[in-house]
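What follows is a single structure, written as structure tokens, with notes after it.
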Amino acid sequence: MGFRTGAYAKVWEVAPMSDTSTKIRISVSRMNKKTDEWEQDFSGFVLCIGTAAARNAAKLNAGARIKIGDCDVTTKYDAQKKITYTNFKMFSFEDADGNNNSEPDKTDPQPPVDEGEVDENRLPF
């Protein structure tokens, strides 16, 4: 199956990098019908790009299972070093275990703006 849209993957490591990117290490395996053993098709680091994907990926724990959504693979050749770099990117995913990671962050309810009273505990400075 490999790294593609619709594949199920296991998360091994999560490393938030910024508000718009989180790096995760995943693996994708498939069952070999001849030997009844699991064989690894893909293992590597994937960059979750975009505010929603990065935020949801940062909430994942090692051992979580996900279903890969929109994704992309790019390669870049560095002629000076004579090395080809392969980059795996994921723009969306679903939690395969049924947990909902896409819930918005819960915050305290804010008082109406035109209430007239200023609560000094809520001032940013």
Response to the item:
The remaining residues in the hydrophobic cluster of Ile49, counting side-chain heavy-atom contacts under 4.5 Å among Ile, Leu, Val, Met, Phe, Trp and Tyr, are Met17, Leu47, Phe91

Discussion item. Minimum heavy-atom separation for Ile26 and Ala9, please, with both atom names.
Written reply: CD1-CB, 3.9 Å

Worksheet, complete the sentence: Excluding Tyr85, membership of its hydrophobic cluster (Ile, Leu, Val, Met, Phe, Trp, Tyr; side-chain heavy atoms within less than 4.5 Å) reads Ile83

Item to complete: List in chain and number order the residues that pass side-chain hydrogen bond (donor to acceptor under 3.5 Å, both in side chains) with Thr51, two or more places apart in sequence or in another chain; answer none if no residue qualifies.
Response: none

Let me have the donor-acceptor pairs involving side chains of residues 63-77, under 3.5 Å, with sequence neighbours excluded, atom names and distances please.
| residue | atom | partner | partner atom | Å |
| --- | --- | --- | --- | --- |
| Arg65 | NH1 | Asp97 | OD1 | 3.2 |

Worksheet item: Does the side chain of Ile24 come within less than 4.5 Å of Cys48's, by heavy atoms?
Response: yes

Worksheet item: Which distance, rounded to the nearest 0.5 Å, do you find between the CE of Met90 and the CG of Asn56?
Response: 10.5 Å

Worksheet item: In Å, rounded to the nearest 0.5 Å, how long is the span from CD of Glu13 to NZ of Lys23?
Response: 7.5 Å

Worksheet entry | Pairwise distance CZ(Arg25) to NZ(Lys10) - rounded to 0.5 angstrom | 11.0 Å

Fill in: Under the salt bridge (Lys or Arg N to Asp or Glu O under 4.0 Å) test, residues paired with Glu37 that sit two or more places apart
none

Worksheet item: Which pair of heavy atoms, one from Asp36 and one from Lys33, lies closest together, and at what distance?
Response: OD1-O, 3.7 Å

Worksheet item: What pairs meet the ring-ring contact (aromatic ring centres under 6.0 Å, His included) rule with one or both residues in residues 40-74, with sequence neighbours excluded?
Response: Phe3-Phe42, Phe42-Phe88

Fill in: side-chain contact (heavy atoms from CB on, under 4.5 Å) between Asp41 and Ser29, intermediate numbers included
CA-CA 5 Å; Asp41 276 350; Ser29 300; over 6 Å; no

Worksheet entry | Note, Asn32 side chain near Trp38 side chain (heavy atom, < 4.5 Å) | no

Item to complete: Write down the atom of Tyr8, the atom of Val28, and the distance for their closest heavy-atom approach.
Response: O-CG1, 3.6 Å

Discussion item. With a 3.5 Å distance limit and no angle check, can you tell me whether Thr22 reaches the backbone of Ala54 through a side-chain donor-acceptor pair?
Written reply: yes

